[in-house]
Amino acid sequence: MDCSEQIAETPAIAYKLLFKAAIAIPIWHYFLAMLLLCMNLLYNFLEFHFLHDIFTGFRGSRVVLTYNSSSDLYRGVVSKCRTLHGRYLATPWLSSPHIQTSFLNFFGRPPRVCYKRQLFHASDGGTFALDWLRHFDVSGVVTRRNQDISKDDTTPIVVMIPGLTSDSASPYMKHLAFNTAKHGWNVVVSNHRGLGGISVTTDCFYNAGWTGDIREVINYLHQEYPEAPLFVVGTSIGANVLVKYLGEDGENVPVAGAAAVSSPWDLLIGSRFIRRRLLQRLYDRALTIGLQGYAQLHKPRYSRLANWEGIEKSRSIRDFDTHATCLVGNYETADSYYRHTSSCSFVPRVSVPLLCISALDDPVCTSEAIPFNECRANKNTVLATTQHGGHLAFFEGIAGSSLWWVRAVNEFFEALHSSPFMHHQKAQSIDPHSAAMQSSIDQGPYLNITDDSMVAATDNGRTDVDVDVDVDGDVEESFKENEDHNQTNTTISAREEHKFTSGEESTRPTQTPEKSANSKRTSIVERCLYLVSRQNRMSIWLLAYIAIISTWPLVGTALGFFFRKKIKKDSSGMIQK
């Protein structure tokens, strides 16, 4: 009786032969197969596109432009931008949206910049920092280092709005500020309240739809430098704030042109997206940890205005918004907060030339929320989407030392500045605290903190603080008081100042504004991961945690399968003996 007949009569013999054949295969073959399987799953899990880049000859993906067919903005400005009409190829060793986003926040390779800080005092008593980087600060002209910008200077000023928990020290903001100043323009980063190491001075906090601060800053700059065209760039949540502001004020904004990069657009869709998959839930958790650390810096006010116990127990951004943002901003629910502060509904009312840039693989702001139809209907808006890029990353080149979107925005602004299509700047005559400006959308107390990096003078008899800030060095402050005050100079370590300003409340008299309805902790991965690495020095451990959690189920299953076979082999050998 041959082997085939034995197998036909006793099926168990077939399994026995298969088992013997499996044992005969060298063990390193199993390890190799397991490694290939893990790499395949990890490749797809992290959404790598390196193989696709190889097969397409590293040509990159085409930038897709969405615009109105009768748009003068496209014909007269965007059509001249070679960057927007080309292709985007991600840095090969960063060919994953998750790797790009993480690399930007942990490393980023930003250029070295030295801001000059101006403390801006809002009309409601709040304080935040305007960090300046003038074009001659990066030109190497040392003789003009301490000179101020003259009122009749015609050099364009670019106002930058960071993401939710970002400030002027964030890597991508340094990339944008340095390269814009290198092009010969002046740059000012408008830091959010509660960020940059400045203590809260009122019960007013900023959120994802808080447009009051940027409105005051732009009107102030327009009055101080009436001859200088104003351009505005918003990034992440800052882009949401920018588009909402432009839509609210329509024609009545002193802005020549604007750009919104990696905007979440619809916060309700985004809040659901970030809880959908395992990786998104990891982002959600990491961002929540960053927000909890942010709240801890301002615990005296948060514990009085919000549910502190709920903040400490929050496991997601939605939880944090429910226990903090909604209570502080007088929103009924998190969903109502997301609906009121989303900028997608304001796109049709934008009257300023606006360039929007988004990546379809953004792991934080889903492409499902991008308002393609709204951008196509508005003649003042052009939307540029790329297949890859991550969240605010868009690294390009072999070294990964530059960001594609920074180059695209600067080229767009230069083309717009030399064209007749700049928006005609108008002075804002509306009182930001009038009934017209205090809509239910924009009412809400927010945190007020400033970033130590810039100088300038404020009007209306306010106290100005001039600060030269080397982002890697010390902070040198010189307080310019009113005529009846003495001048004081102090030098404080940036880290010491951060502890001082975040640990003690300012003794300056405060005013309690009417509670506004605009507070959003739409957390973008960028600052939360950045905060974790900056405050807790845990960036590497966080990456290790994400890697272990995401790959352990697969590795554990494979190891269990392997060792079960090994045990069975040893058991059968003992039985035969």
Side-chain angles (χ1 to χ4, degrees), residues 122 128 159-166 190-193 204-219 230-255 257-271 321 325-326 329-331 334-358 365 369-371 373-375 377-378 380-381 383 423 428 430 432-434 436-446 516-524:
F128 51 94
V159 184
M160 300 177 180
I161 312 174
L164 183 66
T165 52
S166 298
S190 179
N191 294 283
H192 296 298
R193 299 188 179 203
C204 188
F205 303 91
Y206 86 98
N207 66 14
W210 177 251
T211 58
D213 287 346
I214 191 61
R215 181 179 289 109
E216 286 199 49
V217 168
I218 289 176
N219 290 335
L230 295 180
F231 297 85
V232 189
V233 183
T235 56
S236 192
I237 287 303
N240 189 79
V241 173
L242 170 62
V243 175
K244 184 170 177 288
Y245 158 67
L246 296 177
E248 286 174 348
D249 292 9
E251 289 280 351
N252 196 30
V253 291
V255 174
V261 185
S262 295
S263 174
W265 297 111
D266 192 316
L267 304 178
L268 184 59
I269 294 177
S271 70
D321 287 334
T325 309
C326 291
N330 288 336
Y331 293 99
D335 282 354
S336 64
Y337 163 62
Y338 295 147
R339 289 191 184 97
H340 279 97
T341 54
S342 295
S343 62
C344 56
S345 60
F346 291 88
V347 173
R349 289 180 261 173
V350 173
S351 300
V352 171
L354 174 65
L355 171 66
C356 306
I357 298 178
S358 294
C365 301
I370 299 176
N373 291 333
E374 288 85 346
C375 291
N378 191 335
N380 299 308
T381 303
L383 171 65
H423 180 258
Q428 183 106 353
I430 300 178
H433 295 284
S434 65
M437 296 309 298
Q438 290 187 347
S439 65
S440 60
I441 295 178
D442 286 328
Q443 294 175 352
Y446 278 80
S516 321
N518 226 302
S519 159
K520 166 125 201 188
R521 239 76 225 150
T522 307
S523 326
I524 304 316

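Heavy atoms only, all atoms of each residue included: Ile370 and Ser358 are closest at CD1-CB, 3.7 Å. Closest heavy-atom contact between Ala259 and Leu242: O-CD2, 3.3 Å. Nearest heavy atom pair, residue Ser262 against residue Cys365, reads O-SG, 3.8 Å. Minimum interatomic distance between Asp213 and Ala122 (heavy atoms only, all atoms of both residues): OD1-CB, 4.5 Å. Among all heavy-atom pairs drawn from Pro162 and Ser190, the shortest one is CD-O, 3.3 Å. When all heavy atoms of Val350 and Asn380 are compared, the closest pair comes out as O-ND2, 3.2 Å.
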Inset, instruction - Show your reasoning for whether side-chain contact (heavy atoms from CB on, under 4.5 Å) applies to Ile214 and Val159. - result: CA-CA 9 Å; Ile214 191 61; Val159 184; 3.9 Å; yes
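Atom CG of residue Leu383 and atom CG of residue Asn378 lie 11.5 Å apart, to the nearest 0.5 angstrom. With rounding to the nearest 0.5 angstrom, the CZ atom of Arg215 is 5.0 Å from the CD atom of Glu248. Rounded to the nearest 0.5 Å, atoms CZ (Arg339) and CD1 (Ile269) are 11.0 Å apart. To the nearest 0.5 Å, atom CD1 of residue Ile161 and atom CD1 of residue Ile218 are 6.0 Å apart. Lys244 contributes atom NZ, which lies 9.5 Å from atom CG of Asp249 (distance to the nearest 0.5 angstrom). In this structure, OG1 on Thr211 lies 8.0 Å from CZ on Phe346, to the nearest 0.5 angstrom.
When the side chain to side chain contact (heavy atoms under 4.5 Å, CB included) test is applied to Pro371, the partners found at least two apart in sequence or on another chain are Trp265, Cys344, Val347, Glu374, Cys375. With sequence neighbours excluded, no residue forms a salt bridge (Lys or Arg N to Asp or Glu O under 4.0 Å) with Asp266.
For His192 (side chain) and Gly238 (main-chain N/O), no donor-acceptor pair under 3.5 Å exists by modelled atom type. Proximity of a side-chain donor or acceptor of His423 to a complementary backbone N or O of Val255 within less than 3.5 Å is detected. Judged by distance alone, with hydrogens and angles left aside, the side-chain atoms of Ser271 form a donor-acceptor pair with the main-chain N or O of Leu268 at under 3.5 Å.
Using a 4.5 Å heavy-atom cutoff, the side chains of Leu267 and Ile237 are in contact. Taking the side chain as every heavy atom from C-beta outward, Thr381 and Leu355 never approach each other to under 4.5 Å. Side-chain contact check for Trp210 versus Arg193: some heavy-atom pair is nearer than 4.5 Å. Side-chain contact check for Pro254 versus Asn219: some heavy-atom pair is nearer than 4.5 Å.
Within the structure, side-chain hydrogen bond (donor to acceptor under 3.5 Å, both in side chains) pairs that include any residue of residues 342-354 comprise Asn240-Ser343 (at least two apart or interchain).
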